[in-house]
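We're numbering straight along the sequence, starting at 1.
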Amino acid sequence: MAHIVILGAGIGGMPAAYEAREHLGKAHKITVINATEYFQFVPSNPWVGVGWRDREGITFPIRPYLERKGIDFIAQAVTEIDPEAKRLTLLNGETVAYDFLLITTGPKLAFEEIPGLGPLAGHTQSICTVDHAETAKQAYEKFIEKPGPIIIGAVQGASCFGPAYEYAFIVDADLRKRQLRDKVPMTYVTSEPYIGHLGLGGVGDSKGMMESELRQHHIKWITNAKVTKIEAGIMHVAEHNDKGEVIKEHELPFAYSMMLPAFKGVDAVANVAGLCNPRGFVIVDEHQRSPKYPSIYSAGVCIAIPPVEQTPVPTGTPKTGYMIESMVAAIVQNIKEEIDGRSPTHTGTWNAICLADMGDTGAAFVALPQIPPRNVNWFKKGKWVHVAKVAFEKYFIRKMKKGTSEHIFEKYVLKMLGIERIKNK
């Protein structure tokens, strides 16, 4: 019997557990370890940030749903990974041995890299977790009582730009509903070299379309922006040209701000010698396996993927839901092959597919593959995307509670977008 331990129970870890149970059978033990007792559907956090969703609508307790499928669950943070002994140490001092470890922790939020950034020790909000989104909502409600300038965006080194765009448009829509939009100047500040870059070098006509949307919603923008520090009510931003030279220093006043941080690897993972790159992201080969520690696999935001291109201000590469689904499916098959005495052969499809809500409309993009030149380079917008994202939220949460390993992107999202199934290589 093999013991497969999955570290992290998010959008990668929960499906991985169900996938492993279905394909590996009951002969093997599967354990999921997560720092919290609950699952959170992170893509809905922008809605939580303005009160369009609440915690109860996008979270649920993990244990009963996993145990129903014969999967063990431990709600503890991991403090140390010993890859030689194949053992994890938990915050409570207990240890867990494994035969195969699948790391799907997601990122550590690097607020400390910019003075004044973040909701805890800083002056800006975040929607990266449901806790942060609830705090953002509370600050937003206070802001509504005394409106003023808003700054939304993503700082240097950020890799997940979609939620920042989403939140900007959702806030715009919410203010319009409240008849307050005319009292609120809005600025979008981003490390992207141009609007619609998305960390992907643009997708289709994302530049033109997103610029048009910002103009229509009266949202100004600053690109190639490096946030140097944030004080109460003032954001200091250095704007760069294409050569990386500072061309203007901005002191932007704000009454409310949400800025996405750069990501790093979580400490317990980043501290393992030879496992990660300098940012703490897990280095994996084409089979999603650590070259140094073959019993360790990894998927999702916590893996090392190089930037699509060099930009004047550093930007990272996003890892979208379809990529994560594909990685997880490949990993489970590779673990099965190893258990059967064979070498891993499966690879994930590192393609980017995203549904982005924009309040009362939305944008969808497909980049296949993620790094240009691409076979598919597609970007569309319309009210149907807003409806599709709401449907996706409901379906994914229901799928996690049901405990199925059904590939939602393969079965529904690609079909909805009119794209044929993409097979793993």
Side-chain angles (χ1 to χ4, degrees), residues 1-22 24-40 42 59-109 120 129-131 263-276 280-284 288-290 292-303 328 331-332 334-336 338-339 400-401 403:
M1 179 189 77
H3 186 197
I4 297 91
V5 173
I6 300 169
L7 182 53
I11 289 178
M14 287 283 282
Y18 294 138
E19 186 104 5
R21 175 52 72 219
E22 178 177 336
L24 301 182
K26 296 181 178 179
H28 304 289
K29 183 178 180 180
I30 301 168
T31 301
V32 174
I33 302 176
N34 195 58
T36 66
E37 288 272 4
Y38 58 86
F39 170 88
Q40 57 180 301
V42 173
T59 66
F60 60 84
I62 295 171
R63 188 179 306 279
Y65 298 101
L66 289 184
E67 291 183 349
R68 187 183 301 167
K69 290 289 182 176
I71 300 167
D72 293 341
F73 176 63
I74 300 173
Q76 281 285 320
V78 171
T79 58
E80 184 181 355
I81 300 172
D82 184 342
E84 302 294 346
K86 296 185 179 180
R87 183 175 62 243
L88 307 176
T89 301
L90 308 181
L91 184 62
N92 63 4
E94 295 180 3
T95 60
V96 178
Y98 64 84
D99 296 297
F100 297 96
L101 175 64
L102 171 49
I103 299 174
T104 59
T105 57
K108 176 181 178 180
L109 308 175
L120 297 179
T129 70
V130 67
D131 289 340
F263 292 163
K264 296 166 65 175
V266 300
D267 291 343
V269 176
N271 291 339
V272 179
L275 180 64
C276 301
F281 295 118
V282 181
I283 300 168
V284 296
Q288 303 295 139
R289 184 169 65 166
S290 167
K292 185 173 178 64
Y293 305 108
S295 61
I296 297 179
Y297 288 85
S298 188
V301 179
C302 59
I303 71 166
V328 164
I331 289 170
V332 170
N334 287 334
I335 290 175
K336 186 176 188 301
E338 286 205 71
I339 290 173
M400 290 299 96
K401 289 181 176 181

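The nearest pair of heavy atoms linking Glu80 to Ala268 is N-CB, 4.2 Å. For the residue pair Ile331 and Gln288, the shortest heavy atom distance occurs at CG1-CB, 3.4 Å. Contact record, Ala270 with Gly265: CB-O, 4.1 Å, taken as the closest heavy-atom pair. Here the shortest heavy-atom pairing between Gly10 and Pro15 reads O-CD, 3.6 Å. The minimum heavy-atom distance between Thr36 and Phe73, with the atom names listed, is O-CZ, 3.5 Å. Considering every non-hydrogen atom in both Ile62 and Ala9, the closest pair reads CD1-CB, 3.6 Å.
Using bins of under 30°, 30° to 60° and over 60° for the plane-to-plane angle, the ring pair Phe60/Tyr65 lands in the perpendicular bin.
Between Leu88 and Leu101, some side-chain heavy-atom pair lies under the 4.5 Å cut-off. Between Tyr18 and Met400, some side-chain heavy-atom pair lies under the 4.5 Å cut-off. Side-chain contact between Glu84 and Tyr293 is present, with heavy atoms from C-beta onward closer than 4.5 Å. Looking at Pro294 and Arg289, their side chains come closer than 4.5 Å, going by heavy atoms from C-beta outward. Side-chain contact check for Pro83 versus Leu275: every heavy-atom pair is 4.5 Å or farther apart.
Once rounded to the nearest 0.5 Å, the distance linking CD1 of Ile283 with CD1 of Ile303 reads 11.0 Å. For the atom pair Leu90 CG and Thr79 OG1, the distance stands at 7.0 Å (nearest 0.5 Å). Here CD1 of Ile33 is found 12.0 Å from OG1 of Thr105. Values are rounded to the nearest 0.5 Å. Once rounded to the nearest 0.5 Å, the distance linking CD1 of Ile339 with NE2 of His28 reads 4.0 Å. The line from SG of Cys276 to CD1 of Ile103 is 7.0 Å long, rounded to the nearest 0.5 Å. The structure places CD1 of Ile335 at 6.0 Å from OH of Tyr297, a figure rounded to the nearest 0.5 Å.
Counting only distance, with no hydrogens or angles, the side chain of Glu19 and the backbone of Val328 share no donor-acceptor pair below 3.5 Å. Put simply, the side chain of Thr104 never gets that close to the backbone of Ala299: no donor and acceptor are under 3.5 Å apart. Side-chain atoms of Arg21 do not come within 3.5 Å of backbone N or O of Ile71 as any donor-acceptor pair.
The side chain to side chain contact (heavy atoms under 4.5 Å, CB included) test with Ile30 singles out one residue from Val5, Asp72, Ile6, and that residue is Ile6. With Leu7 as the partner, the side chain to side chain contact (heavy atoms under 4.5 Å, CB included) test is satisfied by one option alone out of Val32, Val266, Ile81, Val96: Ile81.
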Derivation of the side chain to side chain contact (heavy atoms under 4.5 Å, CB included) call for Ile4 and Tyr98 = CA-CA 6 Å; Ile4 297 91; Tyr98 64 84; over 6 Å; no
Audit row: Leu66, Met14, side chain to side chain contact (heavy atoms under 4.5 Å, CB included) steps and yes/no = CA-CA 8 Å; Leu66 289 184; Met14 287 283 282; 3.9 Å; yes
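In this structure Arg87 satisfies the salt bridge (Lys or Arg N to Asp or Glu O under 4.0 Å) test together with Asp82, sequence neighbours excluded.
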